[in-house]
Amino acid sequence: MEDYVVSNQYQAVLNFGYFLNEYVNRQEKPDKEFAADIDIKPAVLSQYINNHRRPPEKFVIRLELHSNGMIPALAWFKLLQKIKSMKS
């Protein structure tokens, strides 16, 4: 994700939901359990994964905490900003 964020390339399929889905799948637990781990409802997680809802700052910070800092919130924020700037 970090390599993509700093690159000059934009690929619509490499969106927040794509990377979130990859992260969730690597946890090797059901979406419902992952959602409980980060204190959101499974339906809300699904909306983030499917890009039907933009995640708030609080959620992005929870992702960093959940990954024990391996994926910094700043990387998620840069990804969201890249997508936003490319759509403009």
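The structure presented is a predicted model; accordingly, all values stated were derived computationally and were not measured.
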Legend entry - Residue pairs fulfilling side chain to side chain donor-acceptor pair (under 3.5 Å) with at least one residue in residues 38-50, sequence neighbours excluded: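 Those involving residues 38-50 are Ser46-Asn50, Gln47-Arg53.
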Quick check for you: to the nearest 0.5 Å, what is the distance between [X] atom [atom1] and [Y] atom [atom2]?
{"X": "Ile49", "Y": "Tyr18", "atom1": "CD1", "atom2": "OH", "value": "13.0 Å"}
{"X": "Arg62", "Y": "Lys58", "atom1": "CZ", "atom2": "NZ", "value": "4.5 Å"}
{"X": "Ser67", "Y": "Gln27", "atom1": "OG", "atom2": "CD", "value": "8.5 Å"}
{"X": "Leu80", "Y": "Trp76", "atom1": "CG", "atom2": "CH2", "value": "9.0 Å"}
{"X": "Leu20", "Y": "Leu45", "atom1": "CG", "atom2": "CG", "value": "5.5 Å"}
{"X": "Glu2", "Y": "Phe19", "atom1": "CD", "atom2": "CZ", "value": "10.5 Å"}

Inset, instruction - Check the surroundings of atom CD in Glu57: do more than 12 heavy atoms from other residues, nucleotides or ligands lie under 6.0 Å from it? - result: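 Atom CD in Glu57 is not crowded, with 12 or fewer foreign heavy atoms closer than 6.0 Å.
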Inset, instruction - For Gln11, look at atom CD and say whether over 12 heavy atoms of other residues, nucleotides or ligands are found less than 6.0 Å away. - result: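 Buried by this count: over 12 neighbours within 6.0 Å.
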Quick one: list whatever passes side chain to side chain donor-acceptor pair (under 3.5 Å) with [X], sequence neighbours left out.
{"X": "Lys32", "result": "none"}
{"X": "Asp31", "result": "none"}
{"X": "Asn21", "result": "none"}
{"X": "Tyr23", "result": "His66"}

Legend entry - Salt bridge present between Lys29 and Asp37 (N-O < 4.0 angstrom):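 Yes.
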Side chains of [X] and [Y], heavy atoms from C-beta outward: is any pair under 4.5 Å?
{"X": "Phe77", "Y": "Gln81", "answer": "no"}
{"X": "Met1", "Y": "Leu79", "answer": "yes"}
{"X": "Glu64", "Y": "Leu74", "answer": "no"}

Legend entry - Connected-component partners of Val6 among ILVMFWY, side-chain separation under 4.5 Å: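 Via sub-4.5 Å side-chain contacts, Val6 links to none.
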Inset, instruction - Identify whether NZ of Lys or CZ of Arg in Lys78 sits under 6.0 Å from the centre of the six-membered ring of Tyr4 and within 45° of that ring's axis. - result: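 The answer is no, since Lys78 fails at least one limit relative to Tyr4.
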Inset, instruction - Indicate the atoms forming the closest heavy-atom contact of Leu63 with Phe16, along with that distance. - result: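 Nearest pair, atom of Leu63 first, then Phe16: CD1-CZ, 4.0 Å.
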Inset, instruction - Identify the heavy atoms of Ala75 and Val5 that sit nearest to each other, and give their distance. - result: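 The pair with the smallest heavy-atom distance is O-CG2, 4.0 Å.
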Inset, instruction - Check the hydrophobic clustering (I, L, V, M, F, W, Y; side-chain heavy atoms under 4.5 Å; chains of links allowed) and say if Phe59 and Ile61 are grouped together. - result: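 Hydrophobic grouping puts Phe59 apart from Ile61.
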